[in-house]
Amino acid sequence: MKRQGSEGSEKARKTENYSSFKEAVLNEWLPAAILIGVPANDFWYMNPVKLAPYIKADQLRQKREIEQVNFQCWMMGVYFTHSIGCAFSESNSYPDAPFDLFPEQISCEEQSRRSAQIFEAYVREYNLQLKKEEI
């Protein structure tokens with residue numbers, strides 16, 4: 001008996017199109033295993049318990065890739081915000097070099113200077129918004 005709406009039944013319907021179990025394994029399961037990094041020769045000596053770490057590793061890899069893309073998009077937004085700020089305000093300047101994402105050791109004075117610059121930019125933007133609201 002098939003269960004409606006479950007992923008298992010959908011997978012079962014796919015494999016029903018094959019004339020033999022071997023054909024289903026060769027056309028569905030082996031390519032899926034190779035896709036997640038299981039060597040083709042090792043696949044034939046594995047069972048689902050031995051495949052589980054490969055599946056988990058693939059899920060972690062996909063999550064890491066999504067997080068990397070998300071971070072890249074966020075960084076593009078940071079640079080884009082700086083460019084917009086430069087276009088609309090003469091007091092803002094675009095960074096001369098890329099941001100240092102992995103600073104070694106930042107001195108206390110340098111950290112204070114950077115924090116002051118960020119705070120100054122926020123205050124400037126806030127004051128501009130207040131002036132716009134007054135007009």
Side-chain angles (χ1 to χ4, degrees):
M1 175 180 264
K2 292 183 186 179
R3 291 185 298 178
Q4 295 297 323
S6 70
E7 292 178 18
S9 63
E10 192 171 312
K11 183 72 171 177
R13 274 184 253 127
K14 281 185 175 180
T15 57
E16 287 176 0
N17 296 332
Y18 298 110
S19 60
S20 69
F21 180 73
K22 180 180 178 182
E23 188 180 342
V25 170
L26 288 172
N27 290 315
E28 292 288 334
W29 298 329
L30 179 59
I34 292 170
L35 183 64
I36 64 171
V38 177
N41 292 335
D42 294 348
F43 171 78
W44 300 108
Y45 300 100
M46 297 181 125
N47 60 36
V49 173
K50 291 181 180 178
L51 282 173
Y54 287 95
I55 294 168
K56 179 68 174 174
D58 185 60
Q59 291 169 343
L60 293 172
R61 180 191 55 77
Q62 288 178 10
K63 182 180 178 191
R64 186 186 68 221
E65 287 176 2
I66 290 169
E67 289 171 348
Q68 287 174 341
V69 168
N70 188 34
F71 179 75
Q72 290 170 354
C73 292
W74 180 77
M75 284 302 298
M76 285 194 314
V78 170
Y79 284 110
F80 185 73
T81 302
H82 278 279
S83 64
I84 295 294
C86 295
F88 290 105
S89 174
E90 293 178 10
S91 59
N92 288 336
S93 63
Y94 194 77
D96 295 329
F99 295 120
D100 188 8
L101 300 178
F102 306 103
E104 296 293 323
Q105 287 282 338
I106 299 175
S107 68
C108 191
E109 295 82 22
E110 178 65 16
Q111 184 63 40
S112 295
R113 186 186 68 74
R114 289 180 182 182
S115 296
Q117 283 180 331
I118 291 170
F119 181 72
E120 181 184 357
Y122 283 128
V123 168
R124 224 181 358 248
E125 183 62 30
Y126 183 76
N127 288 337
L128 284 173
Q129 292 300 321
L130 285 177
K131 285 180 184 178
K132 287 180 182 177
E133 290 176 8
E134 288 176 1
I135 298 177

TODO: Might you confirm whether atom CD of Gln117 has over 12 heavy atoms from other residues, nucleotides or ligands at distances under 6.0 Å?
DONE: yes
Task: salt bridge (Lys or Arg N to Asp or Glu O under 4.0 Å) between Glu65 and Arg61, worked out - done: CA-CA 6 Å; Glu65 287 176 2; Arg61 180 191 55 77; 2.8 Å; yes
TODO: Decide, yes or no, whether a salt bridge links Arg114 with Glu110 under the criterion of side-chain N to carboxylate O below 4.0 Å.
DONE: yes
Task: Intermediate values then yes/no, side-chain contact (heavy atoms from CB on, under 4.5 Å), Tyr54 and Asp58 - done: CA-CA 6 Å; Tyr54 287 95; Asp58 185 60; over 6 Å; no
TODO: Determine, step by step, whether Lys50 and Asn47 satisfy the side-chain contact (heavy atoms from CB on, under 4.5 Å) criterion, reporting the C-alpha distance in whole Å, the side-chain angles of both residues, the deciding distance to 0.1 Å, and the verdict.
DONE: CA-CA 5 Å; Lys50 291 181 180 178; Asn47 60 36; 3.7 Å; yes
- [ ] Would you name the heavy atoms of Tyr94 and Cys86 that are closest together and state the gap between them?
- [x] N-SG, 2.9 Å
Open item on the list: With no hydrogens and no angle check, just 3.5 Å: does a side-chain donor-acceptor pair link Arg124 and Ser91?
Closed with: yes
Task: Ion pair Glu67/Arg64, N-O distance below 4.0 Å - done: no
TODO: Determine whether the side chains of Gln72 and Gln68 contain a donor N or O and an acceptor N or O closer than 3.5 Å.
DONE: no
Task: Shared hydrophobic cluster, Met46 / Trp44 (ILVMFWY, side-chain heavy atoms < 4.5 Å) - done: yes
TODO: Could you tell me which non-hydrogen atom of Phe99 sits nearest to which non-hydrogen atom of Tyr79, and how far apart they are?
DONE: N-OH, 2.8 Å
Open item on the list: Which heavy atom of Gly85 sits nearest to which heavy atom of Asn92, and what is that distance?
Closed with: O-ND2, 3.4 Å
